[in-house]
Amino acid sequence: MTARLVVLVSGSGTTLQALLDASADPAWGASVVAVGADRAGTLGEKRARDLDIPTFVLPLADFEDRLDWDAALTELVAAHDPTLIVLAGFMKLVGSAFLERFEGRTLNTHPALSPSFPGMHGPREALAYGVKVTGCTLFVVDQGIDTGAIVAQAAVPVLDDDTEDTLHERIKTAERAMLVDAIGRMAREGFSTNGRKVTIP
Ligand code: GAR
């Protein structure tokens, strides 16, 4: 059975695009059934609309507080009956209602090798620290910031003349390949999480 992916985005959505491209092949095992954004006018949301994939936009500013926003987000995502939820450049933390409903099947991708450089500026902080290797991490979301159990990682070199942008672009190239590979395998073969250890059989 094809796994149903709901993907949440905040920006340009190149990561989403990799998942959309992979979805075109039924053998991949997963299909993007809806895309949500936390702000209007993202290229990510447009990429989905162009393919007639259902989208929704849910700005935090439209809600009294974060709890209400999180409850609304949970219901919108649940309406699409997802197998997995993928945060693909989604720059908001989901709350406990969301995590309770989708426990163990919300995935996030982060542009650093966890546990290094969590948060919003992984590439910038890797560059500032002077590491020679950084990368990306796909993990199962928990209550922390980029702390969940690790599904997959890929390493990329940091070059002497890198800027934050050139480094982030190199990471994103590796990140897209990592995501397509890992999510395809999770969709086709399933996965289990035991403490911090995620296994795809
Ligand atoms: C990706 O590098 C993703 O890891 C990062 O945003 C980029 C999204 O690019 N996410 C975070 O930093 C979350 N903390 P995209 O909009 O082109 O897919």
Side-chain angles (χ1 to χ4, degrees), residues 5-23 30 32 34-51 53 55-60 66 70 73 84-95 98-99 102 106-129 131 133-159 162-184 186:
L5 307 180
V6 172
V7 183
L8 301 182
V9 299
S10 296
S12 65
T14 63
T15 317
L16 164 67
Q17 188 65 53
L19 299 176
L20 293 171
D21 292 347
S23 291
V32 178
V35 171
D38 66 326
R39 62 195 72 171
T42 62
L43 183 53
E45 190 219 346
K46 183 178 181 304
R47 290 173 194 273
R49 268 194 285 116
D50 286 349
L51 293 172
I53 292 170
T55 64
F56 56 87
V57 176
L58 207 64
L60 181 55
R66 240 193 140 89
D70 190 57
L73 181 67
L84 294 171
I85 299 103
V86 185
L87 312 187
F90 189 59
M91 296 302 185
K92 290 274 183 307
L93 291 176
V94 294
F98 190 100
L99 288 177
F102 306 116
T106 303
L107 306 174
N108 194 2
T109 175
H110 178 61
L113 286 176
S114 297
S116 294
F117 314 122
M120 302 283 280
H121 304 292
R124 185 188 306 173
E125 288 175 15
L127 209 52
Y129 200 90
V131 295
V133 174
T134 184
C136 48
T137 303
L138 178 67
F139 62 96
V140 182
V141 179
D142 66 8
Q143 305 275 355
I145 297 178
D146 301 325
T147 52
I150 293 171
V151 177
Q153 292 186 300
V156 305
V158 180
L159 305 184
D162 264 335
T163 62
E164 182 181 353
D165 283 349
T166 60
L167 178 58
H168 197 177
E169 283 309 314
R170 189 175 311 112
I171 292 170
K172 282 169 66 166
T173 300
E175 203 172 8
R176 291 189 284 265
M178 173 189 74
L179 235 77
V180 167
D181 172 66
I183 291 177
M186 292 168 102

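Read the numbers this way: they start at 1 and go in the same order the structure lists the ligands and their atoms.
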K.L.:
Mark yes or no for whether Asp162, through its side chain, and Leu159, through its backbone, hold a donor-acceptor pair below 3.5 Å.
P.N.:
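Here the side-chain-to-backbone pair exists.
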K.L.:
Going by heavy-atom distance to atom 6 (O) of ligand 1, choose the closest among Glu169, Met91, Arg176.
P.N.:
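Result: the heavy atom closest to atom 6 (O) of ligand 1 is in Met91.
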K.L.:
Relative to atom 16 (O) of ligand 1, which among Gly13, Gly89, Gly119 owns the nearest non-hydrogen atom?
P.N.:
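Heavy atom nearest to atom 16 (O) of ligand 1 belongs to Gly13.
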K.L.:
Any heavy atom of Gly44 closer to ligand 1 than 4.0 angstrom?
P.N.:
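No, Gly44 has no heavy atoms under 4.0 Å from ligand 1.
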K.L.:
Under the side chain to side chain donor-acceptor pair (under 3.5 Å) test against Thr137, which residue among Gln153, Glu175, His110 passes?
P.N.:
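The option that passes is Gln153.
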K.L.:
Which residue and non-hydrogen atom of the protein lie closest to atom 9 (O) of ligand 1, and at what distance in Å?
P.N.:
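For atom 9 (O) of ligand 1, the nearest protein heavy atom comes out as Lys172 NZ, 3.3 Å.
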K.L.:
Can you list the ligand 1 atoms lying under 4.0 Å from a non-hydrogen atom of Thr109?
P.N.:
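Those qualifying, in numeric order: 3 (C), 4 (O), 10 (N).
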K.L.:
Just jot down the ligand 1 atoms closer than 4.0 angstrom to any heavy atom of His110, in number order.
P.N.:
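Those atoms are 4 (O), 14 (N).
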K.L.:
Which atoms form the tightest heavy-atom contact between Val131 and Phe117, and what is the distance?
P.N.:
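Smallest heavy-atom distance, with atoms named: CG1-CZ, 3.9 Å.
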K.L.:
Please write down residue, atom name and distance for the protein heavy atom closest to atom 5 (C) of ligand 1.
P.N.:
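In this structure, atom 5 (C) of ligand 1 has Pro111 CD, 3.8 Å as its nearest protein heavy atom.
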K.L.:
Give me the nearest non-hydrogen protein atom to atom 4 (O) of ligand 1 as residue plus atom name, then the distance to 0.1 Å.
P.N.:
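Of every protein heavy atom, Glu175 OE2, 2.3 Å lies nearest to atom 4 (O) of ligand 1.
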K.L.:
Determine whether any heavy atom of His168 lies closer than 4.0 Å to an atom of ligand 1.
P.N.:
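Per 4.0 Å heavy-atom rule, His168 contacts ligand 1.
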K.L.:
Can you tell me which residue and heavy atom of the protein come closest to atom 18 (O) of ligand 1, and the distance to 0.1 Å?
P.N.:
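Checking every protein heavy atom, the shortest distance to atom 18 (O) of ligand 1 gives Thr15 OG1, 2.5 Å.
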K.L.:
Test your reading of the structure: does Ser12 have an N or O sitting under 3.5 Å from an N or O of ligand 1?
P.N.:
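Yes, Ser12 has an N/O under 3.5 Å of an N/O on ligand 1.
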